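Scroll down for the structure; my scribbles are underneath it.
The chains referred to below are lettered A, B, ... by the order of the sequence lines, with proteins before strands, and numbering in each begins at 1. Computed from a predicted model, the values in this text were never measured in an experiment. The figures that follow rest on heavy atoms only: side chains count, while hydrogens, waters and symmetry mates do not.
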There are 2 protein chains.
Amino acid sequence: MTPTTRLKARRNARPEQVYQKLRSLIVRGQLAPGQRIVETDVAARLGVSRTPVRGALQRLGQEGYIVESPRLRQSRPTVAPMTREDARELFHIVAEVEGLAARFAAAMPTAARAALTKELTRINEEFRRASRPRDHDHDRVWELDELFHRRYVEAAAGPRLIALHDVVKPQAERYERLYVSLLHADLAVSATEHAAIARAIRSGDVDAAQASVQRNWRNAAERLGAVIETVGERGAW
Amino acid sequence: MTPTTRLKARRNARPEQVYQKLRSLIVRGQLAPGQRIVETDVAARLGVSRTPVRGALQRLGQEGYIVESPRLRQSRPTVAPMTREDARELFHIVAEVEGLAARFAAAMPTAARAALTKELTRINEEFRRASRPRDHDHDRVWELDELFHRRYVEAAAGPRLIALHDVVKPQAERYERLYVSLLHADLAVSATEHAAIARAIRSGDVDAAQASVQRNWRNAAERLGAVIETVGERGAW
DNA sequence: CCGGGTTGATTTGTATACAAAACGGTCCTG
DNA sequence: CAGGACCGTTTTGTATACAAATCAACCCGG
């Protein structure tokens, strides 16, 4: 489920668990934007000392989930606010990261490309089906979209790009989850864009593959920007 | 000089200093790829306890400077090896990050673009001059190249993209510094590519701006790959 | 009644002690 | 002589005590 293993109580297990737990809480909105984070509280609630919590918080800070000071006064760590500008920048970055992965995917050997695109098409069909207005299971729709993109990233990207993806993508998820219920009108468009991505990868056209992914995310940025504009930002005021 | 302030002994000063110091040592090669890092040694040498060192090391680990296990046996933190594949991936990522920044730069108002490109041109002229075969000051050449790219990133990118750039770029520096002496034949090409970037930003053509930056870095990746091929990799065997 | 400084409580930063894990070498056995 | 298990040493992981910094409330003077 989570991208990192939790199998045996191995070396860096504790901070990793804390990290995963907190990140999940932030991404899903249980820890609201602007909310204060206190080391001792987290430590107490998770039943560990401050030391592993510290590691996790530092990591979350570097990745942008936790921010020092959303405004003057309160220069203590708080959950990062969600703003229109931030969403825009973030989605453009995801567009580049996944775009590059698609480029690498389109450069794979023919056989690998065929196998990959076959699966991508299958996932996208399910995505199209799940996004029909009558069965509006938001979680499932999001999951399939996430899966679609993750597939070609993991298939083609190297360790560095995958690591970058793992860091950047969940932050986009934060926005997607919050506003997905307001975006379902655009899901059909998204499915069409996915089909274009699969086609470009299959054909081995690196530029087209990259461009089609970027188009998908930049469009998403536009749509999301409009929604945030009407609904309002969170944690920044 | 360094991107982070060190003015007054403020809150997170100690781990930041340790981070900067170690990163600098790694980037400049004093800490060689594959070399073991021991917390207590670092702490003793810098005159602090293990706690701040720990924070710095975690950060360096996440950013890819320090790696858990270059090979089986020795699953302890070591300086990340430098390989042909890694360089390739890294430079492609830089291409995307700076390419996106250039895209944003090309979308700025006309007046800002004019001011920016004027300075870019000035820097590039100096770069061209410094890269003439007779005065082969490698440090200065590298510095000017770095400055050129940093200018448009800082001028146009938002906080997230700048943060990403600060993390990714110094890792490319690691390769550039090691092999720059072998690349000076290509500096003229680089200067020409820089000119194309400035032109595209000035004209406000976002796609052209992004594409020209990507071309610059992808070409650099090719050139560097060839050099590594002949000289050999470091820290991986 | 409002503003500014002071003080007490909260929270983070650092050091250190202790526990657990991993490495490397050695000794024993086949 | 080779292979493997054991054990001491090194190194990291965790908890905790203490120091420093920051915040919030209060008090006092204007």
ask   = By side chain to side chain donor-acceptor pair (under 3.5 Å), which residues pair with R174(B), not counting sequence neighbours?
value =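 R174(B): no side chain to side chain donor-acceptor pair (under 3.5 Å) contacts found.
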
remark   = Each nucleotide of nucleotides 10-16 of chain D classed B (base within 4.0 Å of a protein heavy atom), S (only sugar-phosphate) or -, in 5' to 3' order, makes -SBBBBB

request  = Dump the intermediate steps for salt bridge (charged side-chain N to carboxylate O under 4.0 Å, His left out) on R160(B) and E89(A), then the final yes or no.
outcome  = CA-CA 7 Å; R160(B) 284 205 119 101; E89(A) 192 182 10; 6.0 Å; no

request  = Would you please say whether a donor-acceptor pair under 3.5 Å links the side chains of Q171(B) and E63(B)?
outcome  =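 No, no side-chain donor-acceptor contact under 3.5 Å.
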
query = Are Q58(B) and Y19(B) linked by a side-chain donor-acceptor pair shorter than 3.5 Å?
reply =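 Q58(B) vs Y19(B): no donor-acceptor pair found between side chains.
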
ask   = Mind checking what makes ring pair (Phe, Tyr, Trp, His ring centres under 6.0 Å) contact with Y65(B), not counting sequence neighbours?
value =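 For Y65(B) there are no ring pair (Phe, Tyr, Trp, His ring centres under 6.0 Å) partners, ignoring immediate neighbours.
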
